[in-house]
Amino acid sequence: MSGIHGVTLKGIEALPVEVEVQITGGLFAISIVGMPDVAVRESRERVRAALRSMGLNLKGRIAVNLAPADILKEGALLDLPIALGMMSAMGALKKIPGGLFMGELSLDGRLRKVRGAVPAAFLARKLSLPLYVPNENAHEVALVKGVEAYCVESLPELLKILNGELHAEKIPQAEIPNLPEDVEQDFREVKGQAEARRAAEIAAAGHHNLLLVGSPGSGKTMIAKAIRGILPPLTDDELVETLLVRSTLGLPLDPGRVRPFRTVHFTASTISVCGGGSSLRPGEVSLAHRGVLFLDEYTEFKRDLTESLRAPIEDGQITVSRASGSVTYPSRVLLILAANPCACGHAGDPVIKCTCSAHELERYKRKLSGPILDRIDLQISVPRLTSEELLSLSNIKPESSEVIRKRVIAARELQQKRWGEFGFTCNAEIPERLVQKFLVIDNEVKAYLTVMAERIHLSGRGLSRVLKVSRTIADLAGAKNIEKIHVAEALHYRQSYNKE
């Protein structure tokens with residue numbers, strides 16, 4: 001009996017699996033035990049064909065045990081360690097190799113790309129074991145510092161390496177370049193909308209959630225897409241977090257340090273956004289981690305989906321629970337919502353008259369209110385400009401995304417210095433205990449905020465978020481303390497859409 005170490009995934013975490021193989025006499029049969037899923041059970045045929053292509057014919061009764069037995073094993077990651085276990089039991093391997101092995105086998109013995117190479121690299125580093133992966137996974141593993149990893153093309157090649165007949169080339173460490181941002185939408189293309197531009201800058205600087213309400217054609221989607229171009233680059237720690245999520249799904253890794261930007265259509269299901277399914281995979285809210293989650297036409301989304309976003313945007317993580325178990329994924333996103341002001345889309349429009357009744361307006365407004373709206377720090381009306389206004393602005397050159405981005409990066413650096421020791425990177429992330437301890441305001445500002453909070457009926461959460469936005473505005477201005485002007489601007493954005 002032999003033991004080879006493989007890998008299985010639980011969320012974004014890689015877990016070690018010991019593959020034990022025993023061959024006894026009798027009629028030919030292969031049984032795999034240890035909670036394998038369908039893909040793992042099907043590895044019997046892939047492994048058998050791959051070994052036959054090498055001239056190794058399996059005989060007798062073969063038992064494969066995947067330990068520990070109480071953890072679900074999923075995917076084709078275990079093809080390679082199962083094949084090595086069988087070869088070791090047959091005597092084709094001179095000794096039981098030390099290391100972690102992962103890879104899907106083709107019928108002729110070639111190794112195919114698998115998902116989860118980045119979590120596996122972290123596990124290998126933690127266990128101080130070498131990692132063997134298919135060639136196509138080498139570029140992912142190269143991004144993980146301090147891991148000893150090797151890439152192989154086929155099972156015969158790996159057999160020669162393990163038997164000392166061939167030298168394995170170690171995967172070199174790769175550095176993530178800070179490539180220039182390839183901006184799809186630049187703020188210099190946004191005509192007018194000074195208030196919305198300012199709110200977008202504050203949202204990017206402090207990672208504050210943003211709601212844009214305006215008629216069709218007012219520029220809501222353009223502003224939302226332009227925000228990606230002013231976000232700071234991912235730090236090393238943030239990059240690792242995004243790599244883990246994408247690698248878990250087997251998605252290609254984005255070049256450079258560009259933050260994720262995920263746009264969700266209103267026909268999307270709750271599972272596709274929040275995660276889940278039979279294999280408990282991450283959803284869009286986790287794929288947008290450390291980046292932007294954009295929900296256009298927000299009022300058209302199903303109620304259960306919007307309500308399910310409450311905890312993820314508040315806690316920065318989401319727990320997906322099913323009968324098969326539960327998994328926690330990161331979900332610290334900058335949430336951007338865009339919506340029309342009414343059902344016909346023309347409430348407050350300077351050109352087209354709104355045809356909605358008072359009852360319809362009230363019913364539509366209720367779609368934008370409630371617990372989710374309380375978690376949106378910046379709520380902005382984006383009025384549609386008339387043709388005359390657009391033509392009058394044609395000769396005015398607004399600030400480009402590059403100029404705004406420099407201010408955002410400077411503000412983020414201040415926040416990193418302030419909150420880094422507590423494990424946070426920006427103002428929107430800090431918990432209430434840090435708000436009370438560090439976001440101190442003088443008596444005059446406190447008296448002003450108290451009066452305004454009562455006037456606009458701010459909740460406790462809303463009051464805390466106003467202070468965080470005020471701190472971000474002060475950071476953009478380079479101010480040491482939160483002043484009355486900063487609080488006034490933050491309050492304006494809190495009530496500018498939902499005025500009573």
Side-chain angles (χ1 to χ4, degrees), residues 178-234 238 242 252 254-266 268 284-285 287-298 300 333-341 345 376-387 389-412 426 472 476 493 497:
N178 192 2
L179 300 174
E181 184 78 27
D182 184 16
V183 181
E184 177 186 355
Q185 203 78 56
D186 197 293
F187 268 106
R188 66 159 59 97
E189 300 165 7
V190 179
K191 304 296 183 184
Q193 306 297 2
E195 186 179 40
R197 289 168 60 94
R198 171 65 173 170
E201 182 178 341
I202 296 170
H207 209 71
H208 300 290
N209 300 327
L210 174 65
L211 168 66
L212 301 167
V213 180
S215 303
S218 60
K220 304 184 299 294
T221 303
M222 179 184 289
I223 292 169
K225 290 183 176 180
I227 288 178
R228 188 184 191 185
I230 64 174
L231 290 171
L234 289 166
E238 292 172 337
T242 59
D254 291 333
R257 297 176 179 270
V258 180
R259 292 183 180 269
F261 189 99
R262 307 291 297 189
T263 302
V264 180
H265 194 263
F266 59 80
E284 291 291 336
V285 71
L287 286 170
H289 178 62
R290 296 298 181 185
V292 174
L293 181 67
F294 177 41
L295 274 59
D296 203 359
E297 304 296 342
Y298 172 68
E300 301 299 325
V333 300
L334 167 54
L335 181 65
I336 301 179
L337 309 177
N340 293 328
I376 305 300
D377 304 336
L378 306 164
Q379 303 164 20
I380 299 298
S381 290
V382 186
R384 188 172 66 164
L385 302 179
T386 63
S387 301
E389 288 173 323
L390 286 171
L391 290 173
S392 65
L393 293 169
S394 59
N395 295 325
I396 300 176
K397 293 184 178 180
E399 282 185 318
S400 67
S401 292
E402 184 180 356
V403 174
I404 300 173
R405 188 171 189 248
K406 290 178 180 178
R407 293 198 296 267
V408 170
I409 291 175
R412 282 287 184 105
C426 51
T472 300
L476 284 169
Y493 294 130
Y497 163 69

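- Counting only distance, with no hydrogens or angles, the side chain of Lys220 and the backbone of Leu212 share no donor-acceptor pair below 3.5 Å.
- Closest approach of Phe187 to Ser401, counting heavy atoms only: N-OG, 2.9 Å.
- The salt bridge (charged side-chain N to carboxylate O under 4.0 Å, His left out) check on Arg407 picks up Glu201, Glu399, with sequence neighbours excluded.
- Listed here is the closest heavy atom pair of Ser400 and Arg188: CB-NH2, 3.3 Å.
- Atoms NE2 and CG, on His207 and Leu334 in that order, are 5.0 Å from each other to the nearest 0.5 Å.
- For the atom pair Ile230 CD1 and Glu402 CD, the distance stands at 13.0 Å (nearest 0.5 Å).
- Once rounded to the nearest 0.5 Å, the distance linking NZ of Lys225 with CG of Asp186 reads 14.5 Å.
- Contact of the His265 side chain with the Asp296 side chain is not registered, since no non-hydrogen atoms from C-beta on lie closer than 4.5 Å.
- A donor-acceptor pair under 3.5 Å is formed between the side chain of Arg228 and the backbone N or O of Arg259.
- Across Pro216 and Gly345, no two heavy atoms sit closer than the pair CD-O, 3.1 Å.
- Partners of Arg412 according to the salt bridge (charged side-chain N to carboxylate O under 4.0 Å, His left out) rule, which considers only residues two or more places apart in sequence or in another chain, do not exist here.
- Here the side chains of Pro341 and Ser215 are in contact, with some heavy-atom distance below 4.5 Å.
- Looking only at side-chain heavy atoms (C-beta outward), Ile376 and Leu335 come within less than 4.5 Å of each other.
- Under the side chain to side chain contact (heavy atoms under 4.5 Å, CB included) criterion, Ala196 pairs with Gln193, Ile223, Ile380, Val382, not counting sequence neighbours.
- Applying the side chain to side chain contact (heavy atoms under 4.5 Å, CB included) criterion to Ala411, with sequence neighbours excluded, gives Ala205, Gln415, Asp475, Leu476.
- Taking His208 as the reference, Ile202, Asp377, Leu378, Asn427, Ala428, Lys468, Val469, Thr472 meet the side chain to side chain contact (heavy atoms under 4.5 Å, CB included) condition, with sequence neighbours excluded.
- Counting only heavy atoms from C-beta outward, the side chains of Tyr493 and Leu210 never approach each other to under 4.5 Å.
- Ala288 approaches Val292 most closely through the heavy-atom pair CB-O, 3.5 Å.
- Here Ile409 contributes atom CD1 and Leu231 contributes atom CG; the two are 9.5 Å apart, rounded to the nearest 0.5 Å.
- A 4.5 Å side-chain heavy-atom check between Arg262 and Val333 finds every atom pair outside the cut-off.
- With values rounded to the nearest 0.5 angstrom, Leu293 atom CG is found 8.5 Å from Leu337 atom CG.
- The main-chain N or O of Val213 is never found under 3.5 Å from a side-chain atom of Ser381 such that the two would form a donor-acceptor pair.
- Listed by chain and residue number, Leu234, Leu239, Pro260, Arg290 satisfy the side chain to side chain contact (heavy atoms under 4.5 Å, CB included) test with Thr242 (two or more places apart in sequence, or in another chain).
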